[in-house]
Amino acid sequence: MHRLRAAVGKVLDWFEDRTGFMGLVMPLARKKQVPVHKHSIWYYLGGMLVFLFMLQVATGILLLFYYRPSAEGAFESVQFLMAQVRFGWLIRSIHSWGANLMIFVVFLHMFSVLLLRAYRAPRELTWLSGVALFATCLGLGFTGYLLPWNELAYFATQVGTEIPGVVPVVGPVIRTMLRGGDEVTGATLTRFYALHVSVLPAIAFLLISFHVVMVQKHGMSVPPSVERQGSSRGSIPFFPNFLLRDFVGWLCAIMVLASMAAFFPAHLGEKADPFAPAPAGIKPEWYFMFMFQSLKYLPAEILGIEGELVGVLGFGLLGLVLLLVPFLDRPDDQGRHRKVWTWGVYGTLAFILFLTYLGYTEEVPSSQDEPPAEAVSAAPVSIDGRSAAFRALGLAIEEADS
Amino acid sequence: MSHDAPARENAAATEPNRRRFVDRLLGVTTFGMFGAILHPVLRYLYPPPASEASVNTVTLPVRASDIPANSGTIFKFGDRPGILVRTPGGDLRAFSARCTHLNCTVQYREDISQIWCACHNGLFDLNGGIAGGPPPAPLESFVVRLRGEEVVVTRS
């Protein structure tokens, strides 16, 4: 045992003599301290996201071994993966649940940073890169959802790519760029595949690197409340104390994902058929639910402007405010921040939770040939009698066009 | 008092043992965990058996009378290529088109009336036997039967 350890040590020394890598990294790791106070728990979310990203990359690469990105082959290749390939169901389910968990943790991370005001100067660039990462994660979720080429994914993409199309002038161009044509076809699948496996992961990797370097440079932000009360209980070294605690969290994440994959494996559903009617009760991924649900409640026209356009512009504005938070929320002369921002964050959170709840509890007609009266009662705001399912799908827009 | 001294000595002696035990436990658990991750990944990477059942008989999409003498064509025999040759004498013969050297697909050379592999210049005669070049074994030959105008090739 001792001899083995000595031999390994010698090999490592040989590499270190030539690369000097540890001499470069270790002082950085040692320099880093993590403050200890009552909000310290939120510091674990960033590391958790790095881990989940690595897990998504690893399982994603494994999926590439069997996946065929074409309208003819995609569904069949995933079916083959789920039914024939040993542990294929496990790899795909972990990728699918991992994506959901990652976006959930992204939300937690973002809201914790918002509420603890960790975006304060000089951390504006960390915040900006974080919002960009949030958008990248949503993009990864949206593009990945289509890849199995099943019915649900097909119609979700149909609607999702229709939404930016309502914006005047640039909207239709964006829609055509996203779809690779006027309709969602095999060309869309190839595009989404390229975005999902190369463009977006590359962007995410660069942004994560920048984000982490910024966190290293500025250190962990201590919340203003803790700073004021001086209630910080000192700090612990990042390496190895904090990192080992990180590992425990990662182990828990693996455990959760493995259990979810085993007990609730990812579905595949029916193969997409562009000429079949959209099935009733079709829903977007949960993290887009609040937006879809909001669009559903908007009347067809607001002050002479198309309802969808108002909704899309509204969410665009919300995104812009989110991006600019560090520049808008300036402290006063005594260094105090205005409470209105905190209430705004809680309000947004409540809005998202409430509309998501509505999206999942609202009754949707189970098939399209049910009497329209019921459809109207299910969606009281769809004034012109279009069924809730159709409004949800954004198909109403096409219906009006044709 | 005299009884305590060896007890304390004992405690001091077990302390490193306990630590070593915990260390080993951690090591074994870590190995176990990586094993539990690596096992499904390796099994996943090994492809499942091909779904296409091995073919024993194919009916070729050509009419026997359309095949000129001193010619050869490649046909699909399951997921592998085969070669159908009409000899200058008028016989129909079929072989696996996989060269026994390094798996290239062979072709019929009308100028020398032999089966030729372009990759490393391997030559086979019209019975599938080695006629020159590096191939270590003759081509696998199939049985050709005529059902009226239909050409039926069977693995012998």
Side-chain angles (χ1 to χ4, degrees), chain A residues 1-2 4-5 8 51-52 54-68 73 75-98 240 243-262 265-266, chain B residues 9-61 74-82 96-98 102-105 155:
Chain A
M1 199 65 186
H2 282 291
L4 181 73
R5 202 167 287 173
V8 171
F51 170 71
L52 288 174
M54 292 191 300
L55 190 69
Q56 288 308 99
V57 170
T59 49
I61 289 173
L62 286 175
L63 290 176
L64 286 180
F65 277 70
Y66 291 101
Y67 181 71
R68 286 199 299 271
F75 183 84
E76 283 77 4
S77 70
V78 179
Q79 207 170 33
F80 176 74
L81 181 105
M82 294 296 282
Q84 305 276 318
V85 179
R86 293 181 208 90
F87 293 107
W89 61 272
L90 180 68
I91 304 287
R92 177 165 173 257
S93 301
I94 289 197
H95 193 73
S96 160
W97 279 114
L243 191 64
L244 285 175
R245 287 166 170 79
D246 261 342
F247 283 160
V248 175
W250 300 359
L251 266 179
C252 291
I254 287 197
M255 214 168 62
V256 168
L257 289 178
S259 316
M260 294 304 267
Chain B
E9 246 168 55
N10 244 350
T14 53
E15 204 48 49
N17 271 336
R18 194 182 296 167
R19 163 156 293 210
R20 209 188 305 154
F21 174 73
V22 171
D23 271 357
R24 292 233 171 112
L25 199 65
L26 195 67
V28 168
T29 318
T30 311
F31 264 106
M33 194 190 70
F34 279 111
I37 292 173
L38 218 65
H39 170 75
V41 169
L42 290 179
R43 291 295 295 262
Y44 173 87
L45 289 176
Y46 193 82
S51 50
E52 198 163 356
S54 61
V55 176
N56 270 321
T57 301
V58 285
T59 305
L60 302 191
I74 300 288
F75 62 90
K76 244 185 85 133
F77 197 81
D79 53 358
R80 282 145 198 265
S96 159
R98 282 281 169 83
L102 288 172
N103 258 344
C104 287
T105 302
R155 198 183 291 272

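Because the structure is a prediction, the values reported are computed rather than measured. Quick note: numbers below take in every heavy atom, side chains included, and nothing from hydrogens, waters or symmetry partners.
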## Note on the structure
Cut-off 4.5 Å, heavy atoms of chain B, and the answer for L63(A) is both
### Message
Quick check for you: among L90(A), V85(A), I254(A), which has the greatest number of heavy-atom pairs under 4.5 Å with chain B?
### Response
V85(A)
### Message
Quick check: do Y66(A) and P47(B) have side-chain heavy atoms less than 4.5 Å from each other?
### Response
yes
## Note on the structure
Residues at least two apart in sequence or cross-chain that pass disulfide (SG to SG under 2.5 Å) with C104(B), listed by chain then number, are C119(B)
### Query
How would you list, in number order, the residues of residues 25-39 of chain B that have a heavy atom less than 4.5 Å from chain A?
M33(B), I37(B), H39(B)
### Message
Holding to salt bridge (charged side-chain N to carboxylate O under 4.0 Å, His left out), I want the full list of residues that pass it with R155(B), two or more places apart in sequence or in another chain.
### Response
E140(B)
#### Entry: Minimum heavy-atom distance P48(B)-F80(A), with the two atoms named
CG-CZ, 3.4 Å
### Closest non-hydrogen atom pair between Y46(B) and R86(A), with its separation
O-NH1, 3.5 Å
### Message
Run the side chain to side chain contact (heavy atoms under 4.5 Å, CB included) test against T57(B) and tell me which residues pass, sequence neighbours left out.
### Response
V152(B), T154(B)
### Y44(B) side-chain N/O to I91(A) backbone N/O, donor-acceptor pair under 3.5 Å
no
